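Source: prediction; values computed, not measured.
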Amino acid sequence: MKQFQVLFYETELGYSPAEEFMKSIDIKMRAKLAGIISILQEYGNQLREPYSKHLEDGIFEIRGKVGSDISRVLYFFYHDRKIILTNGFVKKTNKTPRSELEKAKKYRNDYYERCVCNEKV
């Protein structure tokens, strides 16, 4: 079976929130999340808890835990087996912050608009 392609979302100016988040976290957590991303690349939409969870409206999270530290990276699926990582955060409460979900949706909408426009050219 063909693997999924995992990509970092980039703004129009080339900023990648998820990639910057990954660079900013502890090396052990980065390694943990990189391992889960590699599992995600293989299993895609078949991946479930404890590695991945659907949150709402087509936004999913990968879930990393090292000791008592918990990190999440949000993503969505795009056609042709693409997975787009949007943003990440260190989890401090039981619920995913609404602001992080809204960011992921905003980034997804931006990605859709720019990709659809580019595909028509």
Output for pair (F77 CZ, H54 NE2), nearest 0.5 Å, gives 9.5 Å

Separation between CD (Q41) and CG (L47), nearest 0.5 Å, reads 12.0 Å

task: Using a 4.5 Å cut-off on heavy atoms from C-beta on, say whether the side chain of I37 contacts that of V73.
output: no

Query - Min side-chain heavy-atom separation I84-Y75 under 4.5 Å - result: no

Heavy-atom closest pair (Y15 atom, E20 atom, distance to 0.1 Å) is CE1-CG, 3.4 Å

Tested for ring pair (Phe, Tyr, Trp, His ring centres under 6.0 Å) against Y78, the lone hit among Y9, Y107, Y112, F4 is Y112

Can you tell me if R30 uses its side chain to pair, donor with acceptor, with the backbone of M22 under 3.5 Å?
-> yes

Correct closest heavy-atom pair for G44 and I83 would be CA-CD1, 4.1 Å

Rounded to the nearest 0.5 Å, the NZ atom of K32 sits from the CD1 atom of I25 at a distance of 12.0 Å

- Item | T86 side-chain N/O to L74 backbone N/O, donor-acceptor pair under 3.5 Å | yes

inquiry  = Centroid separation under 6.0 Å, is that true for the rings of F76 and Y111?
reply    = yes

Q: Answer whether the closest heavy-atom distance between the side chains of L40 and Y51 falls below 4.5 Å.
A: no

- Task: Consider only side-chain heavy atoms of I, L, V, M, F, W and Y, link residues closer than 4.5 Å, and tell whether I70 and F89 are in one cluster.
- Result: no

Interatomic distance, CD1@I36 vs CD1@I62, rounded to 0.5 Å, equals 6.0 Å

Between the NZ atom in K53 and the CZ atom in R48, the distance rounded to the nearest 0.5 Å is 13.0 Å

Closer than 4.0 angstrom, basic N to acidic O: yes or no for D69 and K28? no

*Just wondering, do Y43 and S52 contact through their side chains at under 4.5 Å, heavy atoms?*
no

Trace of the side-chain contact (heavy atoms from CB on, under 4.5 Å) decision for R63 with E49
CA-CA 8 Å; R63 315 168 90 192; E49 290 188 48; 3.1 Å; yes

**Asked** Stepwise, does the side-chain contact (heavy atoms from CB on, under 4.5 Å) test hold for T96 with R72?
**Response** CA-CA 9 Å; T96 299; R72 302 288 193 249; 5.5 Å; no

**Report entry** Salt bridge E56-R98, side-chain N to carboxylate O under 4.0 Å
**Finding:** yes

- Do the side chain of N87 and the main chain of E100 share a donor and acceptor less than 3.5 angstrom apart? yes

Closest non-hydrogen contact found for E10 with S16 is CG-CB, 4.1 Å

- Would you find a donor on one side and an acceptor on the other, under 3.5 Å apart, between the side chain of R81 and the backbone of Q5? no

Taken to the nearest 0.5 Å, the spacing of Q46 CD from I39 CD1 works out to 14.5 Å

query: Do the side chain of K103 and the main chain of K106 share a donor and acceptor less than 3.5 angstrom apart?
result: no

